[in-house]
Amino acid sequence: MTAVVYHIPLHLAALYRGKKIIVRVHDPAELIKALSDSDCENLIGVQLLSLTMDAEALADWGYAVPVELAMRRPAEEFPLLYRHAKLLDKHPVRVSIPVTSGFSKSVKVASSLRFSIKLAVNQPDPTVVEELREVLAFYLRHPSVSQPVEYFHSTLLSFYHHDPITLWDIQEEDPAVLRYITDDGKETVARQFNASVSSVIGDLGSFVTDLKSELLADGGECASCEFFAHCGGYFKWPRRDFVCDGVKTVFHALRAAAGELEHDLAAFPRSRTGTLR
Amino acid sequence: MIGNHFSLILLPTNKCNVACEYCFEDKTDDFMSLEQLSVVTDKVLDHMERKAIATLTIYWQGGEVMLLSPHWFARAYELIDKAAAARGKQVRHSLQSNMIGYSHKWNQIIVDMFGNSVGTSMDFPNLYRRAKGRTPEEYTTLWARNVRAAREAGIEVGVISIPNKETLRLGAERFYSYFVDELQLTDFQVNTSFSGGEATVAKRESLLDLDGLSQFFVDLARVWVTRGYEQGVKLGPFDELMNQFSGDPACLPCIWRQNCADEFVSIDALGHVAQCDCWVTSYPEYWFGNIFDDVSFTELLQKSKARRKFQARPEKLMQHETCAGCDYLSVCHGGCPVRTYAITGQFFVKDPYCQVYKALFSTMEELATGVAAARSLHITKEKRWEEVVQRR
């Protein structure tokens with residue numbers, strides 16, 4: 001069984017010594033000052049909460065630890081990504097981008113700088129679903145895209161391999177695997193952009209399993225949804241009344257793209273039997 | 001700068017042996033001594049240790065580097081090699097010369113130190129390159145003779161060329177033919193002009209009509225794909241754009257990197273440090289400092305206000321220009337600061353060659369797609385490139 005990873009604020013690092021941790025911090029210099037070499041042995045990753053801080057200290061930190069840049073206002077903050085591009089020389093870096101109005105600029109800039117991207121999609125407002133579809137088209141078709149854009153990338157592969165993985169796993173939000181520790185020390189689900197993040201009741205270890213069972217037993221939208229195996233009720237939390245019409249169109253497009261890819265790759269060996277080298 | 005590799009454009013002399021009319025450099029008669037080179041080497045290696053940088057490439061330029069002797073370079077090579085080895089660092093060397101001072105005496109050091117390769121420059125037709133009191137034709141004759149001799153000695157010669165008003169009039173086919181058919185070169189690169197330094201008629205003339213320059217680049221791309229790509233002719237930056245748009249690893253030129261301030265610096269013979277050779281020789285107000293001052297190289301770079309402007313430039317462009325919405329952001333990032341500053345007098349605006357770049361990017365993207373399509377369409381090898389180009 002895989003050990004649970006704890007997503008902690010830096011000031012709680014001492015309490016989680018010996019456990020697998022992702023540390024979130026505003027100032028990278030504080031992180032480097034605070035963590036000992038033995039702390040770093042269990043350090044799975046670092047999340048930078050501020051894009052305005054100087055990241056040079058982290059770039060010179062020799063641990064090659066994965067770094068996530070957490071954006072808050074993607075419609076405004078996208079120019080700041082340039083300050084962090086140099087981190088890629090020494091660390092795997094992912095940008096977490098909340099799916100809010102205007103977020104597509106951040107996706108384009110992050111992608112052009114060759115950052116991996118995680119879309120913090122949560123329960124997207126219907127007004128941004130069209131922008132989400134545009135970003136999907138950009139991910140699927142634009143030749144400059146060379147790094148994964150999640151959740152699209154793993155869902156596409158999941159359709160392609162006919163091997164469903166739920167968004168809880170792709171988005172790293174299943175608390176059975178990754179537990180978010182709030183600044184005041186409470187364990188919860190890792191949707192840090194959601195105001196109701198601390199409202200989980202019950203056993204976090206079985207949170208997703210329980211939610212899925214409840215959603216199917218309810219006989220609501222999930223019970224008849226063709227994408228439930230790929231979603232796992234992700235979009236029905238925390239608000240169960242969320243209407244999935246918009247996000248289903250994204251699943252449709254991803255499934256179609258996987259089919260297209262499968263078709264193209266099946267045709268490829270035949271095209272290689274011609275006169276070309 | 002904080003990656004695993006560091007690039008240094010080193011000018012061991014600010015002096016030159018020719019007087020090209022469009023040269024951007026404010027030349028002096030200064031040379032760097034071996035003692036000074038030793039200081040530069042130690043300070044750069046200190047910086048690499050502090051920043052955990054493993055490898056260094058030194059791009060030797062001038063002025064004109066061949067005004068120093070092969071013997072000086074042999075001693076410089078030994079000095080740098082020994083210092084780097086003591087720190088566990090690796091150093092590669094690259095040579096850029098106008099080749100006017102070349103003779104067979106350079107062959108051994110070019111083999112030993114520079115991997116048997118040298119970069120040089122020539123335009124077609126040559127309007128502005130000349131020695132003092134001599135004509136461009138005389139310069140071209142001497143240059144071609146020396147390049148031929150170097151190639152006969154087995155040295156690989158790469159050429160940088162800047163299109164001028166006559167280049168555009170003669171067209172891409174003639175330009176390509178000069179370098180590949182007449183000179184039999186298989187490695188050359190086309191740059192846009194940079195009109196830094198004191199204003200001259202030649203510099204004003206070198207700023208070409210952007211529509212005409214765009215068309216020239218587009219035409220040249222097609223000529224190259226038809227005649228050179230499959231035959232192994234390297235034409236920069238077209239070849240790297242072909243890699244880029246084909247999904248292969250690409251090494252794009254510095255003008256299109258995300259931020260040149262993260263990639264390299266330049267040091268001249270007097271120790272002035274600036275972003276690149278263009279800045280160090282043309283714009284003293286943009287010097288980062290002097291490496292011979294009593295301060296570490298790391299601190300010099302960290303504290304430089306001028307360097308901070310370079311670091312901030314792409315961010316400012318994303319805020320105020322249309323770059324963030326551009327389809328080609330990933331291969332341009334707003335373009336070259338020195339071209340921008342030289343032409344517009346401003347720093348935080350996008351490269352004025354934007355239109356030319358976009359025309360080239362879209363053409364190379366089409367051609368790369370066409371190449372891939374041709375492969376899947378079973379076009380015979382002989383016909384493939386012609387059809388790809390004609391279809392566009």
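Naming convention: chains lettered A, B, ... in sequence-line order (proteins, then strands); numbering from 1 in each chain.
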Pair B/Phe310 and B/Phe347, ring centroids less than 6.0 Å apart: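 Yes; B/Phe347 has its ring centre under 6.0 Å from that of B/Phe310.
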Pair B/Trp279 + B/Tyr341: ring centers closer than 6.0 Å: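 Centroid distance B/Trp279-B/Tyr341: below 6.0 Å, so yes.
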B/Phe348 six-ring face occupied by B/Lys316 cation (under 6.0 Å, within 45°):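 So B/Lys316 does make the cation-pi contact.
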Looking at [Y] and [X], is there a salt bridge between them, counting it only when a charged N and a carboxylate O are closer than 4.0 Å?
X        : Y       : answer
B/Lys51  : A/Glu56 : yes
A/Glu172 : A/Arg94 : yes
A/Glu30  : A/Lys33 : no
B/Arg87  : B/Asp46 : yes

Most contacts with chain B, counted as non-hydrogen pairs under 4.5 angstrom, among A/Phe138, A/Phe78, A/Tyr82: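 Top count of heavy-atom pairs under 4.5 Å with chain B: A/Tyr82.
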Proximal to chain A - members of residues 242-256 of chain B, heavy-atom separation under 4.5 Å: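 Only B/Gln244 of residues 242-256 of chain B have a heavy atom under 4.5 Å from chain A.
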Engaged part of B/Gln311 at the chain A interface, taking heavy atoms whose separation is under 4.5 Å: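 Contact with chain A: side chain only.
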